[in-house]
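Report on the structure given below.
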Amino acid sequence: MTTEEVRRLPKDATFSLLGVASRLVRKKDKNDNPFWDISVMDGTGQIDGKIWSSSEWWNLEGDSRIRLDPLADDAALGLEGCTVGLMGKVVEFRDQNQYNFNVVYRVDQEKYPPHGFVRRSPFSDEAMEAEFRERIEACGEPVRGFLTRIFFERGLWREYRAWPAAVSVHHAYVGGLLEHSLSVTRAALALVRSYAASGVPADADIVAAGALLHDLGKLESYRLSPTPQVTLPGNVVDHIVLGYHRFMSLVEEEGFDMERALAIGHILVSHHGSREFGSPVLPATSEAMIVSAADELDFKLYCWREQVAQMDAGRDVTDFVPVLQRRLWRGSAAAPAPLAGPGGEEARR
Ligand SMILES: [Fe+2]
Ligand SMILES: [Fe+2]
């Protein structure tokens with residue numbers, strides 16, 4: 001079964017699953033017995049579950065079938081980032097489905113390579129790259145030259161095209177940062193046109209550059225190994241400061257216009273829109289307000305798209321979504337819209 005299919009199972013259903021263990025953390029229950037929090041990813045999504053102390057752990061690599069002791073064996077301790085097979089059951093805990101895994105298999109890593117189970121953006125790499133290049137080409141100088149040089153001559157593109165935008169919650173997959181940045185840019189430029197008609201001027205080049213670069217720091221906050229993981233700088237400095245620092249280094253090295261650099265840098269540091277969400281200053285220009293609004297909307301609509309798509313056909317309202325502090329309603333969108341995606345290209349899914 002896929003993680004998406006498992007998420008649709010009712011209480012008491014049993015299942016087996018093959019995926020990459022993106023997170024495996026040992027904990028202790030109130031009786032001091034060990035248990036593990038595990039997140040498993042496959043091409044359809046990610047599922048979080050528990051492995052209790054009564055569970056069995058096996059190594060099936062090669063022709064072996066060896067019982068593992070998860071408290072002592074290296075083969076069990078090093079399962080994070082490896083492909084695992086799991087057998088489990090859906091149980092109910094505080095009105096929510098919880099997934100208990102009672103058998104854990106370390107499978108043959110050559111036969112089932114972990115990177116083959118890492119989830120990817122549903123939009124094609126080619127369509128996203130084409131739209132990204134178009135967005136840069138549409139800018140005037142000096143922004144166009146600056147973006148072209150930092151992405152394609154300095155090699156930023158290599159990571160940026162593949163990076164995740166998060167480890168969970170939104171766009172937490174290969175290509176997620178690019179998908180999210182393009183979506184924010186598309187929405188922000190539409191707002192520029194819309195507000196021009198309302199008498200509010202905004203510089204489209206600054207908005208495009210700010211939107212494409214707003215989460216630049218995520219290149220240092222996350223890594224793919226092979227699933228999205230938070231780095232130490234990501235944990236203790238985070239992407240706003242990391243991104244601004246990297247951006248200003250690039251500005252200096254490229255000798256980019258300081259007035260424009262300040263306007264774009266302001267978008268990077270203010271894009272979370274409030275101090276409690278990590279921005280040291282609040283958006284103070286029309287360009288920064290537009291990018292910050294587009295970023296927040298993109299995050300919320302991503303959650304809506306994911307949650308509604310995963311909801312059973314007979315339901316109208318999702319379970320409570322903690323990150324948005326609400327249940328989500330399908331509304332009048334009877335079926336999820338087909339993914340039109342970057343440049344209007346057919347989506348891969
Ligand atoms: Fe951000
Ligand atoms: Fe963002």
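This one's a predicted model, so the numbers in the text were calculated from it and none came from an experiment. Start at 1 and go down the list; that is how both ligands and their atoms are numbered.
Ring planes of F151 and F132: perpendicular class, angle over 60° (limits at 30 and 60°).
Within the structure, every pair that satisfies the salt bridge (Lys or Arg N to Asp or Glu O under 4.0 Å) test and touches residues 220-230, not counting sequence neighbours, is listed here: E220-R246. Judged as a side chain to side chain donor-acceptor pair (under 3.5 Å), the pairs with a partner in residues 144-155 (not counting sequence neighbours) are, in order, E141-R144, R149-E254, R154-E253, R154-E254.
Geometrically, R106 does not engage W58 in a cation-pi contact, judged by NZ or CZ lying under 6.0 Å from the ring centre and within 45° of the ring axis.
Residues forming a ring-ring contact (aromatic ring centres under 6.0 Å, His included) with H170 (at least two apart in sequence, or on another chain): H180, F299.
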(message) For a ring-ring contact (aromatic ring centres under 6.0 Å, His included) check, start with the C-alpha distance between H239 and H271, then their side-chain angles and the critical distance, and finish with the verdict.
(response) CA-CA 11 Å; H239 72 279; H271 79 265; 5.5 Å; yes
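Taking distances strictly below 2.8 Å, the protein N/O/S atoms close to the Fe ion (ligand 1) are D215 OD1, H239 NE2, H271 NE2, H272 NE2.
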